[in-house]
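Note that this is a predicted model, so its numbers are computed, not measured. Each ligand, and each atom within it, is numbered from 1 in the order the structure gives.
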Amino acid sequence: MPSAPFPDRARIDAHAKVTGATAYAADIPLPGLLYAMTVPATIAKGRIESLSVDAAKRVPGVVCVLTAADYPTPAMPPPAKGVTPAASPTPTITAEIAYRGQPVALVVAETLEAAIEGAEAIRPHFSETPFQSLIDSADTMREPFRPTKIGDAPRLMATAATTIDEHYVAPAQHHNPIEMLSTTAVMHNGKLIIYEGTQGAAMVRQSVARSLNLDQAMIEVKSEYIGGAFGQKGSIQRQSAIVARAAMLLGRPVKLAMPRTQIFHNATFRPRSRHHVTLGADATGKLIAIRYDADHQQSRKGGFPPAYHETPPRMCGIMDYDGTCANVRIDTQDPGFMRAPNPHPSHFAFESAVDELAYKVNRDPLAFRLDHHAEIDPVSGKPMSSVYLNECLAEGARRFGWGRRTMAPGSMMLPDGIMIGWGVAAGAYPGPTTPTIATLRIAADGTTRFAVAGHEMGQGIRTVIAQLLERELGIDTRRLEILIGDTSVAPQHMTAGSWGTISVVPAVEKAAARMKEAIAELAAGRTLSGSIHQQLAVTRRPVLEVEVSNIAPGQDSTALDKLRAGDFARGGPTYPDYTTASYIAHFVEVRVEPRTRRVRVPRVVSVCDGGRIVSPRTAASQVRGGVIMAIGSALREETEVDPRFGGWLNADLADYVVPVNADIGEIDVNFIDRPDPLLNSVGAKGVGEVSMVGAAAAVANAVYHATGKRIRKMPIRIEDLI
Ligand code: MOS
């Protein structure tokens, strides 16, 4: 039975976070800690011919310098796992340089200052080879990826009365979580312990083991709290094995906190992508066929997929869809997952094109969307487990006041010349589920401990767990300890793709039910009263622990074996009987200043179908964050390549411009809050990724409505509107 609505409650770790009590990976105090700094490559491609460590070793406080010679060769690159691409080149130090900024040495010192000074003293001699740093150049390598063909789009397109045939571009972008990348490693009782902010503690364990030829059983990875991740920490990080090796060789703990500019060059990023969208409508103005060709920037060996057809086919109820995609291989570090990885760029393109088509057939863009409702997943042919997108659109329109909009671009200008534009766009994000093993321990002293696969990157997974345990068992959440992101407390699966909450909640419900049964068995017919802790005390047991597991619909126990082995074991989003996705509708108001053409976004209304919302406060916060990232994407963020030298030009927060408080107006977030009847016992679907999908198109559509200028690339800048 799907559950009743959940009450609003504060984030369970709010107090700890605002008082600074929360310990992130780089905050863990370890006696005898050494500080490390990496030396970045200053060429775009080539080889280290020689590297002298003498100058660095003369810096007072420098303990040692590790170079390629100190790492196993040939180290095995960690293999691709499910949707997680392998890291390339092997994430250690190698003589081959694949991209500017790749680490060529690690300096370890007694102080951070000495480590930095030592790193700056190293001047390797490189031999350079020609490189390619832009996908728009003629001599790039194009590599087609899986096409998405549904029905017979070419035949229908030939009959279309109206078409839209346009090109859209989404820029390279970098995530900039407040918590920067860091790794702290220490040998303890024969085990290598790694503290790292990561979405995949088991992934780190496995990749360090592969990179250094170690048995993964000797490694534990701890990622208790993460200060923002957004997919950046869902990829293998360059520094993990490099730092781990230093800690093993030195027998002392070693910490590396990567400087922001090195993060831009070494972390995965959202690749530049190009989208050619053709929409065909019949004489009544109804969409009948879609052709969509996409490609994106890819590294030489990278595997982040150009999967831009994940969601557009699931939006409009069109059974004739012809999609192609491709990697364009150049010399860069690996691109990777960044919030709403493929759907954000693809919905910028697709939802802009839908707006263009609505205008061309003279239909209100909202009415046009409401008329193109999908209940079947055209990709799998299965029904969607739940779709409340039209409810999102209708409720959003009501809250936004869409009925007062006049259709013509430029028609809502204020007397002082300010151009007002109202735009709408929709989004979807698939709903996969991962297997989970969890233990719940109740103690007679009033404490509770819950350990599970999961990572808290700020999205509120601890609050979700606490909310459910409180409702099911009436426990005191102030005395609740939640252990996650730690390979030593439970098998860890990567947390990403909006599957965190939906994978954990069924396990929490099962654990609570099992606990009630276990207490009843101990009671042996007696009626116990009081809290669950008091009931346990009456049975004269100090603690009671239960273990449960959960798998995705359609999975069998091999999924749990994979989870235990640290492998990727995702199920869905297409399950045996249905496909699951979350949905959202965004309504955006922009105001464009007539002389400077400065674009402001005073108001956004977003209504999300995330199934049953377990933690309303943190879920709303997630959606607000996703909308803000989309505003940043639409109007500010682009990482620019220096084609003369390779690498990124604006690799710091002074030049990579993100929205600040003054850029963000009111964001009204609402949920349909209707349970998905099929996906899990709570009826929850994900919200973290879908929150961003479509919002950038809503900004672009609003800019068009304000100015009459259709900007088909992000970010939309002042110079585009003059
Ligand atoms: Mo997400 S971008 O899969 O962490």
Practice problem: Can you label the angle between the Tyr292 ring and the His275 ring as parallel, tilted or perpendicular, going by 30° and 60°? | Solution: tilted
Quiz item: Please state which protein non-hydrogen atom is closest to atom 1 (Mo) of ligand 1 and give its distance, to 0.1 Å?
Solution: Glu689 OE2, 2.6 Å
Quiz item: Are the ring centres of Tyr656 and Trp648 closer than 6.0 Å?
Solution: no
Quiz item: Is there a donor-acceptor contact under 3.5 Å from the side chain of Lys17 to the main chain of Thr22?
Solution: no
Quiz item: How far is atom 4 (O) of ligand 1 from its nearest protein heavy atom, and which residue and atom is that?
Solution: Gln199 NE2, 2.7 Å
Exercise. Taking only heavy atoms of Gly497 into account, list the atoms of ligand 1 that are under 4.0 Å away from them.
Key: 1 (Mo), 3 (O)
Self-check item: Contacting atoms of ligand 1, where contact means under 4.0 angstrom from a heavy atom of Pro341
Solution: 2 (S)
Quiz item: Can an N or O of Arg339 be found at a distance shorter than 3.5 Å from an N or O of ligand 1?
Solution: no
Exercise. Go through the steps to decide whether Lys233 and Glu196 satisfy the test salt bridge (Lys or Arg N to Asp or Glu O under 4.0 Å), and finish with yes or no.
Key: CA-CA 9 Å; Lys233 290 169 181 145; Glu196 179 174 304; over 6 Å; no
Quiz item: For the ring pair Tyr388 and Tyr583, is the centre-to-centre distance below 6.0 Å?
Solution: no
Quiz item: Does a donor on one side chain sit under 3.5 Å from an acceptor on the other, for Thr487 and Gln492?
Solution: no
Exercise. Determine, using heavy atoms of Gly234 and all atoms of ligand 1, whether some pair is separated by less than 4.0 Å.
Key: no
Quiz prompt | Proximal atoms of ligand 1 relative to Ala496 (non-hydrogen, under 4.0 Å) | solution = 1 (Mo), 3 (O), 4 (O)
Quiz item: Heavy-atom contact under 4.0 Å between Lys233 and ligand 1?
Solution: no
Quiz item: Ala229: heavy atom below 4.0 Å from ligand 1, yes or no?
Solution: no
Practice problem: Output yes when the distance from some N or O of ligand 1 to some N or O of Phe230 is under 3.5 Å, and no in every other case. | Solution: no
Quiz item: If you measure from each non-hydrogen atom of Ser498 to ligand 1, which part falls under 4.0 Å: side chain, backbone, both or neither?
Solution: neither
Quiz item: When the ring centroid of His493 is compared with that of Phe568, is the distance short of 6.0 Å?
Solution: yes
Self-check item: Atoms of ligand 1, numbered as shown, that sit under 4.0 Å from any heavy atom of Gly231
Solution: 2 (S), 4 (O)
Exercise. Please confirm whether Arg270 makes a cation-pi placement over Phe230, using NZ or CZ under 6.0 Å from the six-membered ring centre and within 45° of the ring normal.
Key: no
